[in-house]
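In this text the structure is predicted, and so the values were computed from the model without any measurement. What's counted below: heavy atoms across the whole structure, side chains too, no hydrogens, waters or symmetry copies. Residues take their numbers from the sequence shown, with the count starting at 1.
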Amino acid sequence: MATTTTTVVCGDAEGCDDERRSLDLLPAALLETIMTKLDVASLCSLASTCKTLKSCVTRVLTFTPNFHVFNVSLSMETVRPLLLPNQKLSSLKLDCGRLGNSAIDILVRPSLREMSLHNCRDFSGDLISEIGRKCKDLRLLCLGSVAEKVGRSISRCALEDLLNGCSHLEVLALMFDLSLYLRPGDGRIFGLVSDKLTHLELGHISSRMMTQLLTPTSMSGEDSNRVTSTVLQNVQQLRLSVDCITDAVVKAISRSLTSLVDLDIRDAPLEDPRQLSDLTDFGLHEINQNGKLKHLSLIRSQEFHPTYFRRVSDQGMLFLADKCLGMESICLGGFCRVTDAGFKTILHSCASLSKFSVYHGTKLTDLVFHDILATTLLLSHVSLRRCHLLTDHAIQKLASSLKLENLDLRGCRNLRDETLKAVSCLPKLKVLLLDGTDITDTGISYLKEGVLASLVSLSVRGCINLTDKFMSTLFDGSSKLAMRELDLSNLPNLTDAAIFALAKSGAPITKLQLRECRFIGDPSVMALASTRVYEDECPGSSLSLLDLYDCGSITQLSFKWLKKPFFPKLKWLGITGSVNRDIVDALARRRPQLQVSCRGEELGNDGEDDWDSADIHQHIDAQEDELVQWILGDEGDIEMDDAEDESEDDESEED
């Protein structure tokens with residue numbers, strides 16, 4: 001459905017005054033009725049033209065059915081007047097980083113059918129309990145980071161209130177550590193969940209609790225021979241993070257969830273699991289008992305300890321392939337004993353496979369793809385992260401699948417320029433991730449000859465052989481680029497000259513990562529701030545993410561270019577806080593919609609296992625940007641200017 005965009009143009013001041021006076025004569029109810037037909041971006045454009053329309057827009061926003069603001073944490077003073085009068089709100093999506101329990105009465109209301117609240121660190125279990133008591137018609141609920149702040153907690157009763165009260169839930173995502181608040185025997189409270197539930201995602205739960213939840217129990221007394229019906233039997237998508245993936249939990253899921261189509265389980269053990277508490281070949285044999293599974297992800301992360309699925313062999317892959325002939329996507333991480341024979345069995349058995357991913361495949365070699373042409377596979381997404389034995393030969397074979405759109409080769413350190421020569425012929429490639437490979441400037445030049453026109457996201461983080469030359473080659477202005485995301489982090493030979501080439505090209509980059517580039521400095525920030533992507537927009541208008549963490553030549557001069565009106569769409573900024581803490585803090589206050597990170601954490605959405613992370617939803621983002629700007633309004637530069645003046649005074653005193 002096409003959206004309506006409204007533009008108000010006045011030829012002179014007298015004409016504008018006449019138009020405003022004529023608007024004042026129209027009934028406010030009429031104007032507001034018309035405005036209800038407009039999208040958020042158009043409403044905010046109207047609000048900026050005159051006081052009459054601004055007043056009407058303010059009222060319209062208090063009865064809009066959808067209120068979505070994810071990219072900025074709003075304060076209680078901002079949220080209250082916008083949400084409290086709204087009795088027709090049906091969908092609320094909000095970053096609650098600056099809110100706490102005092103906001104519960106404002107956020108929780110009976111009219112809601114969808115609620116997604118992120119960063120709920122300062123809320124206790126009272127939020128969960130009140131949602132269950134008041135939001136009886138809720139269909140979708142997503143809660144993130146609840147009670148993570150010290151002193152906050154969640155009781156079993158709060159979860160019971162939620163599951164008992166929201167009896168129409170179809171989608172439930174509780175993205176926090178449930179094991180902190182539930183005892184091992186409390187898993188059965190999920191038996192209270194709505195029988196309409198089709199999608200369930202849990203941030204963290206113990207394997208024992210999940211197994212207990214899904215294991216049928218016998219009734220006592222007269223019905224002692226009858227087995228209770230299983231819970232979650234209508235769930236089609238299940239995503240879990242557990243302490244340890246075991247045969248028991250896989251068996252319980254596979255046998256109890258008869259409608260399951262999408263299964264994603266991951267763990268990150270603190271130590272090597274014991275044999276009886278681990279996944280084995282027999283566990284893989286239990287997967288997809290009902291034959292409906294289309295998407296499978298089993299990942300063991302090495303986040304806390306270098307652990308692997310040491311009890312799964314090629315035989316387990318044979319069992320899996322036999323049960324998953326209709327699978328469309330498979331993601332396997334941490335299977336250190338599986339060899340080419342096991343992975344090859346998967347590829348040759350699953351004729352419908354379009355997405356194939358292997359992480360930490362320590363025994364996976366080129367032979368897996370040697371005869372891939374003998375299959376009927378049309379792979380669109382392939383990830384082979386940290387498969388160190390792979391060489392250019394494997395990618396040359398893989399590139400025969402001309403349908404490839406997403407290729408993740410991060411950590412494959414033996415891949416060289418011949419790999420890029422092979423992938424340059426892929427006409428539909430949108431995402432190419434090459435972190436830590438052994439490519440050079442010559443290899444990047446091959447992309448210029450073919451795939452560059454379709455490429456949306458490129459990452460060459462840690463490719464230490466690259467110099468400024470590859471940037472001059474890619475961004476010489478000779479062709480129109482689709483690229484939006486570019487990761488140039490940890491390139492020791494990259495200088496400001498490379499960023500000059502990028503800025504000069506006017507490429508509409510939205511995410512640019514330059515962390516740990518020691519020769520990137522103030523001139524790069526100035527060049528990016530002065531970039532004009534479109535003639536009718538402000539300088540630097542396209543960047544929403546800029547990561548400059550630990551760039552060795554960044555000084556406080558760069559902060560002058562990080563103020564408004566430069567980088568108007570910037571949502572995430574990574575910087576080294578030690579440059580000048582006062583200025584960093586002032587910038588964060590000056591631009592509350594900007595998330596400033598000083599500790600080196602990765603910015604934005606990681607997209608590590610998100611196949612669609614490179615998709616660009618520009619219209620949706622534009623609407624949210626307009627809403628954020630309307631809510632926050634324009635603020636002065638006083639705080640930041642004062643911080644800069646103080647810093648300059650300190651420097652002059654030192655001199």
**Report entry** From CG (L514) to SG (C551), nearest 0.5 Å
**Finding:** 5.5 Å
**Report entry** Residues F519, D468; criterion side-chain contact (heavy atoms from CB on, under 4.5 Å); working and verdict
**Finding:** CA-CA 11 Å; F519 295 127; D468 293 342; over 6 Å; no
Query raised in the report: Are side-chain heavy atoms of L99 and L94 found at a separation under 4.5 Å?
Result: yes
Query raised in the report: Of the options L455, V456, L452, which is the one that meets L481 in a side chain to side chain contact (heavy atoms under 4.5 Å, CB included)?
Result: L452
Query raised in the report: Do S380 side-chain atoms and S354 backbone N/O form a donor-acceptor pair below 3.5 Å?
Result: yes
Report task. Take S459 and D435, measure what side chain to side chain donor-acceptor pair (under 3.5 Å) needs, and give me the verdict at the end. Result -> CA-CA 6 Å; S459 178; D435 303 14; 2.5 Å; yes
Report task. Decide yes or no for T473 and I444: does some side-chain heavy atom of the first lie under 4.5 Å from some side-chain heavy atom of the second? Result -> no
Requested in this report: With rounding to the nearest 0.5 Å, note down the distance linking CG in L384 to CG in L364.
Outcome: 6.5 Å
Query raised in the report: Hey, what do you get for CG (L332) to OG (S383), rounding to the nearest 0.5 Å?
Result: 11.0 Å
Query raised in the report: Looking at D550 and R515, does any basic side-chain N land under 4.0 Å from a carboxylate oxygen?
Result: no
**Report entry** Side-chain heavy atoms of L594 within contact of L562, under 4.5 Å
**Finding:** no
**Report entry** From I299 atom CD1 to H360 atom NE2, the distance as rounded to the nearest 0.5 Å
**Finding:** 9.5 Å
Query raised in the report: Is there a side-chain contact between K355 and N406, using heavy atoms and a 4.5 Å cut-off?
Result: no
Query raised in the report: How are the rings of F356 and F369 set relative to one another: parallel (under 30°), tilted (30 to 60°) or perpendicular (over 60°)?
Result: perpendicular
Report summary line: Contacts of R416 meeting salt bridge (Lys or Arg N to Asp or Glu O under 4.0 Å) (sequence neighbours excluded), chain-then-number -> D438
Query raised in the report: What's the shortest heavy-atom distance between K511 and S544, and which atoms?
Result: CG-OG, 4.1 Å
Report task. With side-chain contact (heavy atoms from CB on, under 4.5 Å) as the test, would you mind laying out the steps for L458 and M483 before giving the verdict? Result -> CA-CA 8 Å; L458 175 65; M483 194 174 297; 4.0 Å; yes
Query raised in the report: Taking all non-hydrogen atoms of both residues, which atom of A503 and which atom of A527 are closest, and how far apart?
Result: CB-O, 3.7 Å
Query raised in the report: Are R239 and E201 within salt-bridge range, i.e. N to O under 4.0 Å?
Result: no
Query raised in the report: Under the side chain to side chain donor-acceptor pair (under 3.5 Å) criterion, do T391 and N414 qualify, and how do the steps go?
Result: CA-CA 5 Å; T391 70; N414 290 319; over 6 Å; no
Query raised in the report: Taking side chain as C-beta onward, heavy atoms only, is L426 less than 4.5 Å from L432?
Result: no
Query raised in the report: Do side-chain atoms of D408 reach the backbone of R410 as a donor and acceptor pair under 3.5 angstrom?
Result: yes
Query raised in the report: With E601, which residues qualify under side-chain contact (heavy atoms from CB on, under 4.5 Å), at least two apart?
Result: S597, R599
**Report entry** Nearest-0.5 Å distance that lies between atom CG in D547 and atom CG in L512
**Finding:** 9.0 Å
Query raised in the report: Closest heavy-atom contact between T576 and Y549?
Result: OG1-C, 3.8 Å
Query raised in the report: At their closest point, which heavy atom of S454 faces which heavy atom of K428, and how far apart are they?
Result: OG-C, 4.1 Å
Query - L398 side chain near L404 side chain, heavy-atom distance below 4.5 Å - result: yes
**Report entry** Short side-chain donor-acceptor distance under 3.5 Å, N465 and T440
**Finding:** no
Requested in this report: Keeping the roles fixed (side chain from S524, backbone from I499), state whether a donor-acceptor pair exists under 3.5 Å.
Outcome: no
Query - More than 12 heavy atoms from other groups under 6.0 Å of CG on L557 - result: yes
Requested in this report: Output, in order, the C-alpha distance, side-chain angles, deciding distance and verdict of side-chain contact (heavy atoms from CB on, under 4.5 Å) for V460 and F470.
Outcome: CA-CA 11 Å; V460 291; F470 89 93; 4.1 Å; yes
Query raised in the report: For I509 and L502, which heavy atoms make the closest approach, and how far apart are they?
Result: CG1-CD1, 3.8 Å
Query raised in the report: Do H381 and S357 get their side chains close enough for a donor-acceptor pair, meaning under 3.5 Å?
Result: no
Requested in this report: Say whether, by atom type as modelled, one donor and one acceptor occur between the side chain of T307 and the main chain of Q302 under 3.5 angstrom.
Outcome: no
Query raised in the report: For R121 and S145, what are the C-alpha separation, side-chain angles and deciding distance, and is it a side-chain contact (heavy atoms from CB on, under 4.5 Å)?
Result: CA-CA 5 Å; R121 294 180 176 84; S145 308; 4.0 Å; yes
Report task. Taking the side chain as every heavy atom from C-beta outward, state whether S301 and Y359 have any pair of such atoms under 4.5 Å apart. Result -> no
Query - Pairs touching residues 486-503 that satisfy salt bridge (Lys or Arg N to Asp or Glu O under 4.0 Å), sequence neighbours left out - result: R461-D487
Query raised in the report: Can you tell me how far the OG atom of S401 sits from the CG atom of L379, to the nearest 0.5 Å?
Result: 5.0 Å
Report task. For residues I464 and L491, determine if any side-chain heavy atom of one lies less than 4.5 Å from a side-chain heavy atom of the other. Result -> no
Report summary line: Closest heavy-atom pair, T362 versus L389, reported as atoms and distance to 0.1 Å, is O-CD1, 3.4 Å
